[in-house]
Amino acid sequence: MATAADIVESARKAGRTVLTELESKDLLRSLGIPTTQMKLAVSGEEAVALSKEIGFPCVLKVSSHDITHKSDAGGVKVGLKDEAEVAEAYRDITASCRAKYPDAAIEGVTVQDMAKPGLEVIVGMATDPQFGPVMMFGLGGVWVELLKDVSFKIVPLSKGDAAKALREIRAAKLLDGFRGSQPVDRAALEDILLRVSEFAAATPAVKEMDLNPIFAYPDGAMAVDARVILGE
Ligand code: ADP
Ligand code: MG
């Protein structure tokens with residue numbers, strides 16, 4: 001398996017600052033962070049073959065260095081139940097992305113296993129001109145856009161900082177279970193914060209990371225989308 005440093009280095013050598021979801025998730029896995037399984041297909045036939053390997057339901061997503069907001073481009077199809085739906089999703093994704101981004105280079109479409117639903121949270125890393133690398137934690141989905149309910153901690157995080165990051169959001173109670181839902185595995189989320197913090201501290205070439213969303217479960221957590229951005 002490629003190390004995180006290898007993945008960063010090969011993107012830099014290719015003159016790229018934005019890593020694809022595939023590269024970003026390989027990097028996360030090398031840090032010990034759970035992600036969905038995924039493989040790249042460059043044709044509809046290949047997508048169908050990979051979906052049979054991965055199993056149904058599955059997810060197809062556009063893979064392009066030029067498209068960072070995949071859903072906005074019509075580049076994400078979830079809950080695909082059979083081969084026919086996968087073939088159709090491949091056609092729809094490529095057609096929609098070509099129409100919306102005529103100049104984008106599209107490497108293909110990734111086929112992923114469909115993560116079971118969980119509480120959507122976000123872990124981010126950004127580089128502040130004054131403080132250097134900082135970590136962000138918040139609820140995902142509409143919550144982050146609507147309520148901007150996030151907490152920040154300066155890298156490197158201590159274990160205590162990671163636990164605090166989870167407690168400091170206004171909607172922290174949601175993590176403890178709400179209306180009959182089970183509490184989420186806080187230790188799994190704290191572990192992700194600490195692993196990203198440690199990587200950021202050791203790797204100044206990385207300017208920004210977005211794990212959005214992470215699905216948090218009563219037992220464990222999984223990064224469902226990821227983006228890593230390098231400095232110029
Ligand atoms: P975007 O580039 O638009 O952020 P995402 O990869 O985050 O694209 O996908 C959009 C949404 O689709 C996610 O927020 C998540 O709810 C759902 N999703 C994406 N991939 C998966 C997956 N492998 N399993 C389950 N749900 C997924
Ligand atoms: Mg996303």
Side-chain angles (χ1 to χ4, degrees), residues 16-29 33-41 47-48 50-82 85-86 89-90 92-101 104-126 136-150 171 174 181 184 188-189 192 196 208-229:
R16 288 187 286 114
T17 52
V18 180
L19 274 60
T20 60
E21 182 188 355
L22 192 72
E23 293 170 319
S24 302
K25 282 182 173 169
D26 281 344
L27 189 155
L28 292 183
R29 267 195 303 279
I33 296 171
T35 73
T36 51
Q37 245 203 93
M38 65 192 289
K39 284 186 175 156
L40 184 71
V48 167
L50 290 175
S51 69
K52 286 197 276 186
E53 243 175 68
I54 284 172
F56 300 101
C58 67
V59 174
L60 260 59
K61 296 194 217 177
V62 66
S63 182
S64 167
H65 300 293
D66 302 315
I67 303 177
T68 44
H69 298 285
K70 300 176 288 294
S71 327
D72 294 350
V76 179
K77 301 276 177 192
V78 303
L80 306 170
K81 291 190 297 289
D82 55 34
E85 288 191 4
V86 169
Y90 188 94
D92 287 352
I93 286 173
T94 46
S96 166
C97 291
R98 283 206 189 100
K100 287 222 172 85
Y101 294 92
I106 296 174
E107 291 90 58
V109 170
T110 62
V111 183
Q112 320 191 358
D113 56 336
M114 171 108 183
K116 64 180 192 315
L119 181 70
E120 289 195 22
V121 302
I122 296 179
V123 165
M125 189 280 286
M136 186 204 75
F137 174 79
L139 291 182
V142 294
W143 299 102
V144 68
E145 284 153 38
L146 213 66
L147 305 176
K148 310 247 181 300
D149 188 11
V150 295
L174 278 180
S181 66
V184 304
L189 296 176
I192 293 175
V196 174
E208 206 180 305
M209 288 174 73
D210 255 307
L211 285 61
N212 178 13
I214 292 170
F215 284 3
Y217 302 118
D219 186 8
M222 158 156 339
V224 162
D225 185 24
R227 184 173 55 191
V228 174
I229 297 176

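Numbers here are sequence positions counted from 1. Values below: all heavy atoms of this structure, side chains included; hydrogens, waters and symmetry mates excluded. Order of appearance sets the numbers: ligands from 1, and atoms from 1 within every ligand.
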I need the [X] [atom1] to [Y] [atom2] distance, nearest 0.5 Å.
X: Thr94; Y: Leu60; atom1: OG1; atom2: CG; result: 9.5 Å
X: Gln37; Y: Cys58; atom1: CD; atom2: SG; result: 11.0 Å
X: Met136; Y: Met125; atom1: CE; atom2: CE; result: 12.0 Å

If you have a sec, work out which protein heavy atom is nearest [atom] and how many Å separate them, to one decimal?
atom: atom 16 (O) of ligand 1; result: Glu120 OE2, 3.3 Å
atom: atom 7 (O) of ligand 1; result: Asp225 OD2, 2.9 Å
atom: atom 17 (C) of ligand 1; result: Val78 CG1, 4.0 Å
atom: atom 21 (C) of ligand 1; result: Val224 CG1, 3.2 Å

Quiz prompt | ligand 1 contacted by Asp72 (non-hydrogen, < 4.0 Å) | solution = no
Quiz item: Are any of the heavy atoms in Arg227 under 4.0 Å away from ligand 1?
Solution: no
Quiz prompt | side chain to side chain contact (heavy atoms under 4.5 Å, CB included) between Ile93 and Lys61, worked out | solution = CA-CA 7 Å; Ile93 286 173; Lys61 296 194 217 177; 5.8 Å; no
So which heavy atom on [X] is nearest to which on [Y], and how close?
X: Ala73; Y: Lys100; answer: CA-CD, 4.1 Å
X: Lys25; Y: Thr36; answer: NZ-OG1, 2.7 Å
X: Cys97; Y: Ile67; answer: CB-CD1, 3.9 Å
X: Lys116; Y: Phe215; answer: O-CD2, 3.2 Å
X: Tyr217; Y: Ala115; answer: OH-CB, 3.7 Å
X: Pro213; Y: Glu120; answer: CB-OE1, 3.5 Å

Identity of the nearest option to [atom], non-hydrogen atoms only, from [options]:
atom: atom 22 (C) of ligand 1; options: Val59, Val111, Leu60; result: Val59
atom: atom 20 (N) of ligand 1; options: Met222, Lys61, Gln37, Gln112; result: Lys61
atom: atom 25 (C) of ligand 1; options: Gly79, Ala115, Gly75; result: Ala115
atom: atom 13 (C) of ligand 1; options: Ser71, Gly118, Pro213; result: Pro213

Practice problem: Test side chain to side chain contact (heavy atoms under 4.5 Å, CB included) on Val111 and Val86 and set out the steps. | Solution: CA-CA 9 Å; Val111 183; Val86 169; 5.6 Å; no
Output the list of atoms in ligand 1 that are nearer than 4.0 Å to some heavy atom of [X], sorted by atom number.
X: Thr68; result: 2 (O)
X: Asn212; result: 7 (O)
X: Met114; result: 24 (N)

Quiz item: Hey, is the Mg ion (ligand 2) within less than 2.8 Å of some N/O/S atom on Asp225?
Solution: yes
Self-check item: the Mg ion (ligand 2) contact by Asn212, N, O or S atom under 2.8 Å
Solution: yes
Practice problem: Please indicate whether any nitrogen or oxygen in Asp113 is less than 3.5 Å from any nitrogen or oxygen in ligand 1. | Solution: yes
Self-check item: Short N or O distance, Thr36 and ligand 1, threshold 3.5 Å exclusive
Solution: no
Practice problem: Could you tell me whether atom 10 (C) of ligand 1 has a protein heavy atom closer than 4.0 Å? | Solution: yes
Quiz prompt | Lys70 contact mode with ligand 1 (heavy-atom cut-off under 4.0 Å) | solution = both
Quiz item: Around Arg16, counting heavy atoms of other residues, nucleotides and ligands shown, do more than 12 lie under 6.0 Å from its CZ?
Solution: yes
